[in-house]
Amino acid sequence: MSNVQEYIDRNIKNFENELFELLRIPSVSTDSKRKGDVKKAAEFLINQLKKIGLDKVTLHETVGHPIITAEKTPYSDRPTVLIYGHYDVQPSDPDDLWDTPPFEPTVKKGRVYARGASDDKGQSFIHVKAIESYLKSGTELPVNVKFILEGEEEIGSPNLIPFIKENKELLKCDMVLISDTAMFGEDQPSITYGLRGLTYMEIHVKGPNRDLHSGIYGGTVENPANVLCDMIAKMKDNNGVIQVEGFYDDVEPLTSEMREAYEVLPFDEVEYKKNLNLKAIHGEKGYGTHERSSARPTLDVNGLWSGYQGEGAKTVLPAKAGAKVSMRLVPNQDPNKIAELFKKYVHSIAPDTVEVNVVSHHGGYPVVIDLDFYGLKAAAKAFEDIYQKEVLFTREGGSIPIVSDFKKVLGVNSILMGFGLTKDALHSPNESFSLKDFHRGIKTSARFFEVLTDFVEE
Ligand code: BES
Ligand code: MN
Ligand code: MN
């Protein structure tokens, strides 16, 4: 075993404890009350990157949360890998559904439970520790590395997109390495080569100037809650086909090769239903579950409010109603165009008895990475050496908005080397991350840098 791999084994307990320290910081990017904590997480990482011996470790303030860059780039003739990760996390609510407090990392059965354990503190910290293992074991770093860590991924990376446009030279690289996705299953190393995009909208329906007695006015005044539900019902037909006009115009259809690739992926319907306590599988007619969850677009209500929510019954005709609706996008859909089509559609089905407003939140472009890219082959080799199992290439349904900008602005591919599992419960109560995969992840990352030069194409 190399010095690096030995260093990792010897220091794994320290690495875990350092990760737990990071997990104790409630860096919730969407919550303005947590701004100081997001900064604290950034400072923790700045100290880490300095301590392990990286150069040019810099905290860049933005109008939102800080961006961190660092590098070790001694070679003019070797590839440069830019490591991306995010140190912000989703809110922990509903807090009462957590078995242990979200920001007190707790180890149970080889897994650490905390918000951000998998998404993305645990996974991005893997690469910090892999680079440390080179620099601190006195082993020559095989390639150039750069880091870019942000605190706004969970809110759509609004400041990172302009940052990479303005800092092309600083971020110049041959590829981006990201661990912020999931493995196909336990002990099943996987490389994700596609992510969906996102358009996130909010609808407001306004009726009378105040909540009304539903007996006195019911039947004569349009009810905004009824209108909203009616409009939502018109968004999909009974086969799960989205009715927004023009929605599918740019959708890249699945080729027979793609469909065959999906068919060979294992899928256990009974297990899938059991895990989520589902009565039945659901989705767009004519597609399998893996296709539905990664290669087909969706439309889902993410939040809904109106009227009386308290105990018992209150006879009221609400003055207002609202909904948050997100759409997952696939190549070649454009999130801005979809937002416009959605707005147009909602207005086209809105009755003139109420006032309807549609606003858009953050979004992101879908991506598919070319399977011939040599970086993916190096990543597969590293995975196989550590996990001793053949890698699966998969597409996933989640979104990482910056990945498409890495391609468009910096002209480089991303390698999505995920170490998470679907059971990590990202964004849900009791998020967790396997410490075994944290350990194997660091080893895989270290191995990746070692084998990368063998795959470089002239
Ligand atoms: N790490 C996730 C994305 C992800 C999860 C990709 C699992 C593949 C598998 C990321 O932090 C995330 O949650 N992204 C958001 C997008 C954002 C604009 C809020 C998402 O997908 O909802
Ligand atoms: Mn993430
Ligand atoms: Mn996330």
Side-chain angles (χ1 to χ4, degrees), residues 22-23 27-31 38 41 64-65 83-92 102 114-127 148-161 176-185 188 190-202 290 293-295 297-300 302-303 324-330 335-336 338-339 360-369 392-405 414-429 431-433 437 441:
L22 177 59
L23 291 173
S27 49
V28 180
S29 51
T30 192
D31 186 347
V38 180
H65 302 301
I83 298 163
Y84 163 84
H86 65 92
Y87 62 84
D88 64 320
V89 299
Q90 286 276 328
S92 57
R115 171 58 84 230
S118 177
D119 184 12
D120 178 41
K121 287 174 173 172
Q123 291 205 62
S124 51
F125 205 53
I126 279 175
H127 303 296
I148 183 155
L149 305 173
E150 69 157 320
E152 298 190 324
E153 194 276 343
E154 300 291 8
I155 52 171
S157 304
N159 292 297
L160 188 60
I161 296 166
V176 182
L177 178 62
I178 304 175
S179 292
D180 192 22
T181 51
M183 298 194 287
F184 196 77
Q188 176 55 67
S190 322
I191 291 170
T192 302
Y193 70 95
L195 291 170
R196 287 194 288 197
L198 182 70
T199 294
Y200 202 115
M201 310 295 290
E202 191 165 317
H290 292 316
S293 73
S294 64
T298 64
L299 183 152
D300 277 293
N302 292 189
K324 293 182 194 278
V325 178
S326 77
M327 287 157 277
R328 294 283 167 176
L329 312 180
V330 299
N336 300 317
I338 295 295
S360 56
H361 289 290
H362 57 64
Y365 284 83
V367 281
V368 170
I369 292 139
L392 279 182
F393 288 85
T394 60
R395 283 168 67 171
E396 283 193 277
S399 312
I400 306 176
I402 202 66
V403 176
S404 82
D405 296 271
S414 293
I415 302 166
L416 299 163
M417 186 191 257
F419 298 102
L421 287 172
T422 40
K423 75 166 182 194
D424 291 353
L426 311 188
H427 299 197
S428 302
E431 177 179 348
S432 67
F433 187 42
D437 286 317

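Just so you know, ligand 1 is whichever comes first in the structure, and atom 1 is the first atom listed for that ligand.
Both the backbone and the side chain of Glu154 come within contact range of ligand 1, each with a heavy atom under 4.0 Å. Using a 4.0 Å cut-off between heavy atoms, Leu426 contacts ligand 1 through its side chain alone, with no backbone atom that close. Contact annotation for His361 and ligand 1: no heavy atom of the residue comes within less than 4.0 Å of the ligand.
The angle subtended at the Mn ion (ligand 2) by NE2 of His86 and OD1 of Asp180 is 100°, given to the nearest 10°. Rounding to 10 degrees gives 90° for the angle at the Mn ion (ligand 3) between OE1 of Glu154 and NE2 of His427.
Scanning Ala182, Pro335, Gly398 for the heavy atom closest to atom 6 (C) of ligand 1 points to Gly398.
Leu421 contributes atom CG, which lies 7.5 Å from atom OG of Ser118 (distance to the nearest 0.5 angstrom). In this structure, CG in Asp119 is found 6.5 Å from CD in Glu153, a value given to the nearest 0.5 Å.
Protein heavy atom in closest approach to atom 9 (C) of ligand 1: Glu396 OE2, 3.2 Å. For atom 3 (C) of ligand 1, the closest non-hydrogen atom of the protein is Ser399 O, 3.4 Å. Closest to atom 11 (O) of ligand 1 among all protein heavy atoms lies Glu153 OE1, 2.7 Å.
Remark: distances from the non-hydrogen atoms of Arg196 to ligand 1 are all 4.0 Å or more.
The closest approach of Asp119 to the Mn ion (ligand 2), by N/O/S atoms, is made by OD1.
For the side chain to side chain donor-acceptor pair (under 3.5 Å) test with Ser27, the passing option among Lys121, His65, Glu154 is Lys121; the others fail. When Arg328, Met327, Met201 are each tested for a side chain to side chain contact (heavy atoms under 4.5 Å, CB included) with Leu299, only one passes: Met327.
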